[in-house]
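Not measured: the values here are computed from a predicted model. Atoms within each ligand, like the ligands themselves, are counted from 1 in listed order.
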Amino acid sequence: MSIPKTQKALFLPGKGEKLVIETTEVYTPGPGEILVRHESIGLNPADWILQETGMFIEKYPFILGLDVAGVVVKLGEGVSRFNIGDRVLRAGGFKNDMDTFQEYSVYPAEVAAKIPESLTFDQAATIPVCFDTAAIGLYQTFQPGGGAGLYPPWLEGGRNKYSGQPIVVFGGSSSLGQFTIQLAKLSGFNPIIATVSPRNFDLVKSLGATNPIDRNLPLTSIHEEIKKITSKPITIVYSTIPEPAVQEAAQGVVSPGGTLVTVGRPIPEDKRDLSKKVTHPYGSVLREDNRKFGVELYEKLSQLIESGEVKPTPVEYVAGGLGAIQEQLYRLKKGEISGRKLVVRPSETS
Ligand SMILES: NC(=O)c1ccc[n+]([C@@H]2O[C@H](COP(=O)([O-])OP(=O)(O)OC[C@H]3O[C@@H](n4cnc5c(N)ncnc54)[C@H](OP(=O)(O)O)[C@@H]3O)[C@@H](O)[C@H]2O)c1
């Protein structure tokens with residue numbers, strides 16, 4: 001497979017600046033890494049947040065991008081998990097040679113997964129970072145950046161382990177919410193209650209939500225709505241929406257002794273009910289204390305997708321390659337994306 005020496009990449013020149021296309025090297029995979037030619041790139045709210053805030057960025061110019069599907073074009077030393085030509089999906093790595101707003105990048109093979117035949121590259125690019133964050137939030141150990149410590153459904157004896165127990169997902173139609181619902185279903189949770197806009201009721205039901213609630217109701221009434229559905233204690237709530245008001249409502253729903261998983265910055269301890277645990281997952285399987293968890297997860301991911309138990313987020317394909325990304329990040333920031341994932345194809349970059 002012929003590999004060029006240079007490629008096009010979308011650089012962030014400095015904090016808050018506009019993204020620009022530049023030429024850069026095509027990287028060499030190190031031991032245990034694969035070089036991937038990007039076919040489809042998924043966009044995330046984190047991309048515009050990092051662009052604006054500079055969070056996690058140590059050095060400019062920086063390449064953003066956290067989701068990709070592509071083809072393995074070169075193997076680093078010791079890689080036996082993949083062959084040249086394999087179709088793979090994986091997250092980004094907060095490093096220029098691993099992030100995804102470019103035509104090629106490298107990544108550790110042990111946290112990448114083969115794409116089953118049934119999925120297009122566009123669909124596969126919707127999965128990695130939100131699936132990882134859903135899984136880490138529910139099943140990783142309760143620790144800083146970890147999760148609720150539930151037993152995962154991909155391990156022996158894990159299917160339906162929480163049968164008959166309720167779970168609530170705030171923001172069920174977000175990409176993260178969609179994967180959380182699907183994992184909750186595999187774990188046997190029932191009812192699976194999710195706050196979403198009515199236009200997305202059918203979508204979340206198709207993924208396993210049993211009781212969608214209109215997210216436009218006043219947040220103060222959501223708990224009452226939940227009590228109409230179940231009288232059981234709610235021991236697990238996942239808030240995929242960072243707004244403090246949503247997080248506060250989500251915390252109000254958790255029963256004493258239960259756990260809130262939230263992507264928002266947790267309410268400080270002196271301002272919250274300490275009978276409820278709160279965890280703020282860090283959705284990267286590259287982080288040292290998530291790595292072992294990630295390796296186990298990525299061993300099972302292809303199978304979960306192939307069986308149809310994990311479905312991709314509905315795709316909104318956007319033409320124009322890397323050059324289209326900046327405008328799409330503005331749309332994400334304005335909250336214009338509902339129940340789907342924006343995907344671009346870098347080969348269309350002019
Ligand atoms: N900590 C981490 O490592 C990590 C990793 C991944 C994502 N995140 C964060 O998780 C959040 C979700 O990410 P995403 O990629 O899944 O986002 P997304 O798919 O772009 O989210 C869009 C969805 O949010 C829903 N939504 C917006 N406001 C809502 C509200 N008040 N109540 C209920 N639903 C609401 C909308 O639902 P309707 O259209 O149905 O109204 C829409 O479908 C983002 O803030 C992201 O930065 C964090």
task: Sort out for me which residue in Trp154, Tyr151, Phe293 forms a ring pair (Phe, Tyr, Trp, His ring centres under 6.0 Å) with Tyr139.
output: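 Looking at Trp154, Tyr151, Phe293, the match for Tyr139 under the ring pair (Phe, Tyr, Trp, His ring centres under 6.0 Å) is Trp154.
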If you count the non-hydrogen atoms of other residues, nucleotides and ligands that lie under 6.0 Å from [atom1] in [X], is the total more than 12?
X	atom1	answer
Glu248	CD	no
Glu336	CD	yes
Lys161	NZ	no
Lys95	NZ	no
Glu348	CD	yes

Which protein non-hydrogen atom lies closest to [atom], naming both residue and atom, and how far is it?
atom	result
atom 41 (O) of ligand 1	Ser197 OG, 2.4 Å
atom 12 (C) of ligand 1	Thr240 O, 3.3 Å
atom 35 (C) of ligand 1	Ile241 CD1, 3.4 Å
atom 15 (O) of ligand 1	Pro45 CD, 3.2 Å
atom 22 (C) of ligand 1	Ile337 O, 3.4 Å
atom 48 (C) of ligand 1	Val263 CG1, 3.8 Å
atom 5 (C) of ligand 1	Thr133 OG1, 3.1 Å
atom 21 (O) of ligand 1	Ser174 CB, 3.4 Å

What do we get for [X] next to ligand 1 when only non-hydrogen atoms under 4.0 Å count, side chain, backbone, both or neither?
X	result
Ser173	both
Asn200	side chain
Val246	side chain
His280	neither

Looking only at distances, please establish whether an N/O atom of ligand 1 is found under 3.5 Å from an N/O atom of [X].
X	result
Gly283	yes
Ser175	yes
Thr195	no
Pro281	yes

message: My understanding is that we take every heavy atom of each candidate and find the minimum distance to atom 31 (N) of ligand 1. Doing that for Gln178, Glu336, Arg215, which one comes out nearest?
response: Arg215
- prompt: So which of Gly335, Ala91, Gly171 gets nearest to atom 33 (C) of ligand 1, if we judge by its closest heavy atom?
  reply: Gly171
Which atoms of ligand 1 have any heavy atom of [X] under 4.0 Å away?
X	result
Pro242	45 (O)
Cys130	15 (O), 16 (O)
Gly339	43 (O)
Leu176	10 (O), 16 (O)
Ser338	38 (P), 39 (O), 42 (C), 43 (O)

query: Using 4.0 Å as the upper bound for N to carboxylate O, is an ion pair formed by Lys292 and Glu296?
result: yes
query: Thr120 and Asp122: side-chain donor and acceptor closer than 3.5 Å?
result: no
- prompt: According to the interplanar angle, ranging from 0 to 90°, do the rings of Phe56 and Phe94 count as parallel (below 30°), tilted (30 to 60°) or perpendicular (above 60°)?
  reply: tilted
field: Sequence neighbours excluded - side chain to side chain donor-acceptor pair (under 3.5 Å) pairs with any residue from residues 282-291
entry: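 Qualifying pairs, neighbours excluded: Glu110-Arg291, Gln140-Asn290, Arg287-Asp289.
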- request: Find out whether the Lys NZ or Arg CZ of Arg87 is both under 6.0 angstrom from the six-membered ring centre of Phe121 and within 45° of the ring's axis.
  value: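 Judged by the rule, Arg87 and Phe121 form a cation-pi pair.
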field: Side chain Asn200, main chain Ser173, donor-acceptor under 3.5 Å
entry: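 Absent.
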query: Could you walk me through whether Tyr27 and Gln102 pass the side-chain hydrogen bond (donor to acceptor under 3.5 Å, both in side chains) check?
result: CA-CA 11 Å; Tyr27 316 104; Gln102 52 192 333; 2.7 Å; yes
- request: Carefully, step by step, assess His38 and Ser105 under the rule side-chain hydrogen bond (donor to acceptor under 3.5 Å, both in side chains).
  value: CA-CA 8 Å; His38 299 175; Ser105 65; 2.7 Å; yes
